[in-house]
Amino acid sequence: MPASRRLAVIMFTDIVGYTAMMQQNEKQAIECVKRHEAVLEKTVAFYHGEVRQYYGDGSLNIFGSVSDCLRAALELQRQFRQAPYVPLRIGIHIGEVLIEKGKLFGNGINIASRIESLGLAGTVLFSKEVMEKIQNQSEFQFYPLGKFHFKNVRDPMEIFALTNEELPIPKRREMLGKLKKKAFSFKTNLAFISLIILFLIVSGVLLINSRKARIFPDSIKEQQLAVIPFKNNSNDSNLDMLSDMAAEYIIQGLMSLKDIKIVSSPTTKEHLQNNSWTGKENQRLDFQRQTGAKKIIFGSFYQNKNDLIFNTQIIDLQTGEVEFVFPKVKGNRQNLEGTIYDLRSRILTYFSGDQTEMEYFFNNRPPNYESYKKFNEGFKVFRKDFEQCKESLEQAIELDSSFFRAYYVMFFNYMNNRKVSQADSVLQLIDKRFNNLMPDELLALDWMKALYKQDYRQMYILGKGFLKKDPKHPIYNFDTGLLAMYLNRPREALEIFNHINLTGFKNSGISEYRMAFALLRNDSLERAIKILNQAPIEERITIGAWTLKMRIYAMQNQPDSVMALIRSTENAGFKPDRIASLYLEALKQFALIQDTTNLQKWADHTLSYFNSAPTSNSSKSANMAELFFLNYQYDQALNYYRDLLAESKGKIFNLMRVGYCYGKLGLNEKAINVINELKMLDTPQNRGNIKYHMAMVYAGMGEKSKAMDLIT
């Protein structure tokens, strides 16, 4: 058969450290080669490629498509990360190959081999020629490693690393492959030595003039910093989200430095007027007061041909003066993630010289930009539209499976909608896919696991730890304060909530409700009412705020105020079912403080409303059951709860109420039967709820010690 030529995508593979492996454990080394060949044959064929030659512990493969080749490389590394582990490196290039007698020859093969030699275990490296074919495909993420001068290759070549699924990115000093050695030149080296001498002389003069000469002044490093979203001056609206992405990942990097005080991204966004920065005095001082920041990092970017240029500076919030200007950062428009990575790395090097600290963000990259946009679409409808949020987050993860925050919000989306098994699957995915998280991500993961286990004490400890870094963080502030309430620490809760500037938060109704709750537990009833009245009207008419007001009015023996509150909801257009629930809430508040006089009066009011209001039949049965239960009429409540059980609605709750009623009526044998039924419903999805409901039945029987054993 005559020789033929064709253009091909060439992929070289090589098992790293094979020689040493043979010396240490020959059997293991042979098994490693066998696994390499078996997986390679199957994977390359699946992606329409050909395995053309083996070189002991390596191989030469060709493909007709760049996309197919990269997909095959990703699949190989994905499989070889799993046991039994194969430490493989891969190099890819496009070039013309000569095929003669079944063997391949050509300069492109030599180049692919040299590219592969630069890699480490788990890496996929490729040439600029490959990058140009996939630079507009969001499926692939990559990072530029710079130019390298290979042996027997005339011109330096630019090399890139594939970064999908957290593939490792080798550091320049680690890339010791088949590179051209620099020839010794007396003239060149003499010039170099002269430059070093000159540098030492200049450094000596500077050291004499200032013993503490530093690039970055301590006056900036020692004060609380905030990072404002960058201004998009590119005239390309598709890059608007890049403004937030740049700020968020600089903040994340600064949070990994132990001596830097940094305002978190949620706090910054919560207090930034209209989510844009004007730099005017009133905005600067207001932002400083609300966040505690003394200085901000602020920047902008614009486009020049295929490049994005970032300008960044530090501004003093008190004076508005620019205190420090960072060098410009230029990045390729087609590699937004790599550009943000460079921007963050260069800024953070001004804050720390500690190599251990720097490893955190050198080894963690920003997500794929399209993935980040999908994530934000999902985050906007979080708590509002479960399905839309889920769909957007799934798309974000599909675009970049290494994007931790997408998993984080997905977990809470499931938890908030009582889909516990799906939330657990998210935790399992995180454990499988992530092994090198940033400090803030590790904290978030610990928080997620503690919530899943309902370990509120651990969540409280984690929240307190984070608040030392950013005392005004809206989420951790709210949740840690509420956890303090759950743990019966109302004074600590109030101290935490006092960090909240009520007039500054966009979701001020929630913050005011929680502050009022803490004040109520600290017996500051008048102040609690005053704060609830400050909340926006749409927040004040929610069940939560109304319940709190009812409790305060009940404690102050003001039943008329409770009635006026409910009447106002009728005027606000509340539906009958919702108003009925407010009557029951009021009844519950009188029951809690054991005000039997008002309890009976309010039971009459509630019954009158139930009989007259056009509520649905199913809700009416549940409301009547609750009415009689709260009014200690357990025999009548029992009949309704039995009917509800027959309808299979709210089985666990209604079963508990049936058992409690049995206990109160002295029917202990039947109550024990209910406890046994509840035990059979104890699954991981119920996560402790069954024990609580069993404890309630024991409480109904008067078995307080058994009840306490279950819930402590």
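- Here the side chains of Val658 and Tyr640 are not in contact, with every heavy-atom distance at 4.5 Å or above.
- If you take OG on Ser581 and CG on Asn623, they are separated by 7.5 Å, rounding to the nearest 0.5 Å.
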Take Val674 and Asn676 through the test side-chain contact (heavy atoms from CB on, under 4.5 Å) and record every step on the way to the result.
CA-CA 5 Å; Val674 169; Asn676 291 330; over 6 Å; no

Determine whether Met410 and Glu394 satisfy the following criterion, side-chain contact (heavy atoms from CB on, under 4.5 Å), listing intermediate values before the conclusion.
CA-CA 8 Å; Met410 179 77 84; Glu394 285 175 343; 3.5 Å; yes

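- How far CZ of Arg433 is from OG of Ser402: 10.0 Å, rounded to the nearest 0.5 Å.
- Around CZ of Arg491, the count of heavy atoms belonging to other residues, nucleotides or ligands within 6.0 Å does not exceed 12.
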Check the pair Leu445, Leu437 against side-chain contact (heavy atoms from CB on, under 4.5 Å), reporting the backbone distance first and the verdict last.
CA-CA 9 Å; Leu445 180 57; Leu437 293 172; 3.9 Å; yes

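- For the residue pair Ser392 and Gln388, a side-chain donor N or O sits within less than 3.5 Å of a side-chain acceptor on the partner.
- The main-chain N or O of Trp602 is found under 3.5 Å from a side-chain atom of Thr606 such that the two form a donor-acceptor pair.
- Taking each heavy atom of Asp400 and Asn368 in turn, the nearest pair found is OD2-N, 2.8 Å.
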Can you list the steps and then say if Lys374 with Glu370 is a salt bridge (charged side-chain N to carboxylate O under 4.0 Å, His left out)?
CA-CA 6 Å; Lys374 282 293 178 186; Glu370 294 302 318; over 6 Å; no

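- Heavy atoms only, all atoms of each residue included: Thr268 and Ala226 are closest at OG1-CB, 4.3 Å.
- Evaluation of the side chain to side chain donor-acceptor pair (under 3.5 Å) test over residues 552-566, restricted to residues two or more places apart or in two chains, returns Glu526-Gln556, Gln556-Gln558, Asn557-Asn598, Gln558-Ser561.
- For the atom pair CG of Leu462 and CG of Leu467, the computed distance is 11.0 Å after rounding to the nearest 0.5 Å.
- Residues Phe403 and Ser371 approach most closely at CD2-OG, 3.2 Å, considering heavy atoms.
- Residue Arg78 qualifies as enclosed at atom CZ: its count of foreign heavy atoms under 6.0 Å is above 12.
- Distance check, rounded to the nearest 0.5 Å: CE of Met680 to CG of Leu678 gives 11.0 Å.
- The main-chain N or O of Ser608 is found under 3.5 Å from a side-chain atom of Ser612 such that the two form a donor-acceptor pair.
- Side-chain contact between Asn639 and Phe628 is absent, with no heavy atoms from C-beta onward closer than 4.5 Å.
- Within a 6.0 Å radius of NZ in Lys373, more than 12 heavy atoms belonging to other residues, nucleotides or ligands are found.
- In the displayed structure, Gln82 atom CD is contacted under 6.0 Å by more than 12 heavy atoms of other residues, nucleotides or ligands.
- Looking at heavy atoms from C-beta onward, Ile566 lies in side-chain contact with Met550 at the 4.5 angstrom threshold.
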One pair to check against side-chain contact (heavy atoms from CB on, under 4.5 Å): Lys261 and Asp470. What are the steps and the verdict?
CA-CA 8 Å; Lys261 301 173 184 176; Asp470 179 12; over 6 Å; no

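- Geometrically, Arg657 engages Phe629 in a cation-pi contact, judged by NZ or CZ lying under 6.0 Å from the ring centre and within 45° of the ring axis.
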I would like to know whether Glu248 and Lys269 meet salt bridge (charged side-chain N to carboxylate O under 4.0 Å, His left out); could you show each step before the answer?
CA-CA 10 Å; Glu248 284 186 21; Lys269 288 185 176 181; 2.8 Å; yes

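- Between Pro367 and Tyr249, the closest side-chain pair of non-hydrogen atoms falls below 4.5 Å.
- The 12-atom threshold is not exceeded at CD of Glu398, counting heavy atoms of other residues, nucleotides or ligands nearer than 6.0 Å.
- Using a 4.0 Å cut-off between a side-chain N of Lys or Arg and a carboxylate O of Asp or Glu, Lys449 and Asp431 qualify as a salt bridge.
- We find the OG-OH distance between Ser425 and Tyr407 to be 11.0 Å, quoted to the nearest 0.5 Å.
- Using a 4.5 Å heavy-atom threshold, the side chains of Leu607 and Met624 count as touching.
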Hey, mind stepping through Phe466 and Trp447 against ring pair (Phe, Tyr, Trp, His ring centres under 6.0 Å) and telling me if it holds?
CA-CA 11 Å; Phe466 189 91; Trp447 181 275; 9.1 Å; no

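- The closest side-chain donor-acceptor pair between Gln428 and Asp424 falls under 3.5 angstrom.
- The aromatic rings of Tyr609 and Tyr583 sit parallel to each other, their planes meeting at less than 30°, with 60° as the upper class boundary.
- Ring planes of Phe379 and Phe375: parallel class, angle under 30° (limits at 30 and 60°).
- At distances below 3.5 Å, at least one donor-acceptor pair connects side-chain atoms of Glu441 with backbone N or O atoms of Met438.
- Side chain of Asn416 to backbone of Phe412: a donor-acceptor contact under 3.5 angstrom is found.
- The NZ atom of Lys464 lies 15.5 Å from the OH atom of Tyr476; values are rounded to the nearest 0.5 Å.
- In this structure, Gln589 and Ala554 approach most closely via the heavy-atom pair CB-CB, 4.1 Å.
- By the 4.5 Å heavy-atom criterion applied to side chains, Gln458 and Ile461 are counted as neighbours.
- Nearest approach of Gly292 to Gln224, heavy atoms of both residues: O-CB, 3.5 Å.
- Counting heavy atoms from C-beta on, the side chains of Tyr372 and Arg405 come closer than 4.5 Å.
- The side-chain heavy atoms of Asp479 and Met459, taken from C-beta on, include no pair separated by under 4.5 Å.
- Checked by atom type and distance alone, the side chain of Asn413 pairs as donor or acceptor with a backbone atom of Phe386 at under 3.5 Å.
- Shown here for Ala586 and Val562, the closest heavy-atom pair between the two residues is CB-CG1, 3.6 Å.
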